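What follows is a short report on a single structure.
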Amino acid sequence: MSERPHRPTSSELITAVLDEGTWQSWDEAPLAVAPEGSPYAVELAAAAEKAGTDESIVTGEGRIGGHRVAVIAGEFRFLAGSIGVAAAERIVLAFERATRERLPLFAAPASGGTRMQEGTPAFVTMVKISAAVAAYKREHLPYITYLRHPTTGGVFASWGSLGHVTVGEPGATIGFLGARVYEALYGQPFPEGVQTAENLFAHGLLDAVLPVELLTATAARFLDLVLAPHDGRPAPDVPKEPLPDVPAWDSITRSRNTARPGVRALLKLGATDVLPLFGTGAGEWDRSLFLALARFEGTPCVVLGQDRRGEQTEAPLGPSGLRVARRGMRLATELDLPLVSIIDTAGAALSKEAEEGGMAGEIARCLAELVVLEVPTVCVLLGQGTGGGALALMPADRVISAQHSWLSPLPPEGASAILHRTPDRAPELAERQRVRSLDLLEDGIVDRIVAEHPDAAQEPEAFCRRMAQAIRHELSDLAEAQPDERLSARHGRYRRLGRPSQ
Ligand SMILES: CC(C)(COP(=O)(O)OP(=O)(O)OC[C@H]1O[C@@H](n2cnc3c(N)ncnc32)[C@H](O)[C@@H]1OP(=O)(O)O)[C@@H](O)C(=O)NCCC(=O)NCCSC(=O)CC(=O)O
């Protein structure tokens, strides 16, 4: 039998993650929950002796990458890291103090869940813990969790699942019901390989699986991004260039070139500090939607982009992709970061699964949520913009279009099939449907066009830099606006859409 890997104690974990010598405990003596001399008091004393901590939860503060952070760590050696009333009190106090002192919070549980010795009074503390997390997050403070081996039961089902970013420890058992409990209750073993960090990642429940050595850099990048205020410097605009009046079909053809840069190239060449996130956090993922935190020069933001590489290599944009996008919208609101959405899709999935997964409803929810999102929003039409799946990410404060990007209700071939019963008249129909960037500008759907020389596939680096500069300029411009004026301008803009210009 292979030997179990050593799992770090709470103190080893804290030493590994925090900047050297920065740890300071916040803990006071735990609440007395057992009459002196009672069997449970004796058990607690023995647990403390074994673990070297006075409870299953350790709280305090330190620095990660130079940022001051609140820390909550579980100690599995203390009664399996289980949460009784005293441990719950510590967790809540730490969230309350982090809220008061406006500190980011790093939580690293390792737990068998609610402490069985304390029963229901301990179980119901999941409510007050969740309330403390919610109050903390309402203040737009960032919360990152590292789920260690094992994270189970009421810990996974409260503070373990509420992070903005959630990372798992490699090989960790992470699950709701303990496998031993399942076997005892149902008389058969729980399926192998389900409650592992790797499997949860594969199902869109974790953003990443990282050993502790790599966790620190990820946590530091997250904190760099979410704690860095907009630098306040106005960003220079991209010079306006004369644009050739090319036929719509020419742009459509160029936009379909597989060598055209997509969201990943734009971020690689035009942004810094990119921190990719994964999945909905609720059991789904979709490679056709790339979600990340990133910085365009001085401005950090949430980026949600339709990913042509994912569409080409895996599957078209499905409803799960739009649910990932809506996670991005929530993150932007919760972290009070501007949002950049990128449109580049050959069209939403047309399939049984997409229908049953709620494709139309997801488009509706994206439209309804994005158009009223409180934070500044910039949309980039980067490539193809086909149908409701594309429109779902459009309603922003500012819309930038690449010269050869376009937006249309269907692929032009489909529109031609509807009107002419053949796809062959797509070029003519695209012209009539006013899908080109120049038409979109004239119709008040986009605010500006970023030129291509002669198209982005032939100058990816220069194009991505130009586009990134335009994004950065719009973000810095929006940061200057009063939020209520910005939102009212957005409302007016979309209220006017489609009406003949005055
Ligand atoms: C966490 C584990 C996967 C760890 O497995 P391991 O094989 O590493 O360790 P183990 O099972 O030998 O456990 C180590 C010791 O911790 C004890 N122990 C484990 N979980 C405990 C808990 N919740 N309360 C009190 N003690 C607990 C075990 O009895 C054992 O004690 P000793 O060494 O004395 O024998 C497993 O212990 C487990 O499945 N625990 C139950 C998980 C679960 O279903 N929790 C739900 C609780 S209800 C809840 O949280 C609310 C909710 O679900 O909503």
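The model shown is predicted, which means the values in this text are computed figures rather than measured ones. Just so it is clear, the values below take in all heavy atoms, side chains as well, and ignore hydrogens, waters and symmetry mates.
- Within 6.0 Å of CD on E241 lie more than 12 heavy atoms contributed by other residues, nucleotides or ligands.
- Two rings, from F176 and F156, have their centers 6.0 Å or more apart.
- Between E362 and R365 a salt bridge is recorded (basic side-chain N to carboxylate O distance below 4.0 Å).
- Taking the six-membered ring where tryptophan is involved, the planes of F201 and F278 are tilted, since the angle between them lies from 30° to 60°.
- Counting heavy atoms from C-beta outward, L269 and F463 have side chains that stay 4.5 Å or more apart.
- Under the 4.0 Å criterion applied to side-chain N and carboxylate O atoms, D447 and R493 are assigned as salt-bridge partners.
- Of all the heavy atoms in Q384 and S255, the pair that sits closest is CG-OG, 3.6 Å.
- The residues D237 and R472 are annotated as not salt-bridged, no charged nitrogen and carboxylate oxygen being separated by less than 4.0 angstrom.
- Between F222 and H164, the ring planes lie tilted relative to each other; the angle falls in the 30° to 60° range.
- Between E442 and R434, at least one side-chain nitrogen of the basic residue sits less than 4.0 Å from a carboxylate oxygen of the acidic one, meeting the salt-bridge criterion.
- In summary, E314 and R309 do not engage in a salt bridge, as defined by a charged side-chain N under 4.0 Å from a carboxylate O.
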Test log, rule ring pair (Phe, Tyr, Trp, His ring centres under 6.0 Å), inputs F95 and Y143: CA-CA 10 Å; F95 271 102; Y143 178 31; 5.3 Å; yes
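- One side chain, E61 or W26, offers a donor N or O that lies under 3.5 Å from an acceptor on the other.
- Taking a cutoff of 4.0 Å between a charged side-chain nitrogen and a carboxylate oxygen, K137 and E334 qualify as a salt bridge.
- Scanning for side chain to side chain donor-acceptor pair (under 3.5 Å) contacts around R398 gives E474, D477, with sequence neighbours left out.
- In this structure, CG in L370 is found 8.0 Å from SG in C379, a value given to the nearest 0.5 Å.
- In summary, E374 and R490 do not engage in a salt bridge, as defined by a charged side-chain N under 4.0 Å from a carboxylate O.
- Counting heavy atoms of neighbouring residues, nucleotides and ligands inside a 6.0 Å radius, atom CZ of F123 does not exceed 12 of them.
- Using a cutoff of 4.0 Å between basic side-chain nitrogens and carboxylate oxygens, R327 and D207 are scored as salt-bridged.
- Among D224, V303, L267, L275, the one residue that satisfies the side chain to side chain contact (heavy atoms under 4.5 Å, CB included) test with R295 is D224.
- The structure places CG of L367 at 5.0 Å from CG of L391, a figure rounded to the nearest 0.5 Å.
- With respect to R254 and D455, a salt bridge is recorded, a charged nitrogen being found less than 4.0 Å from a carboxylate O.
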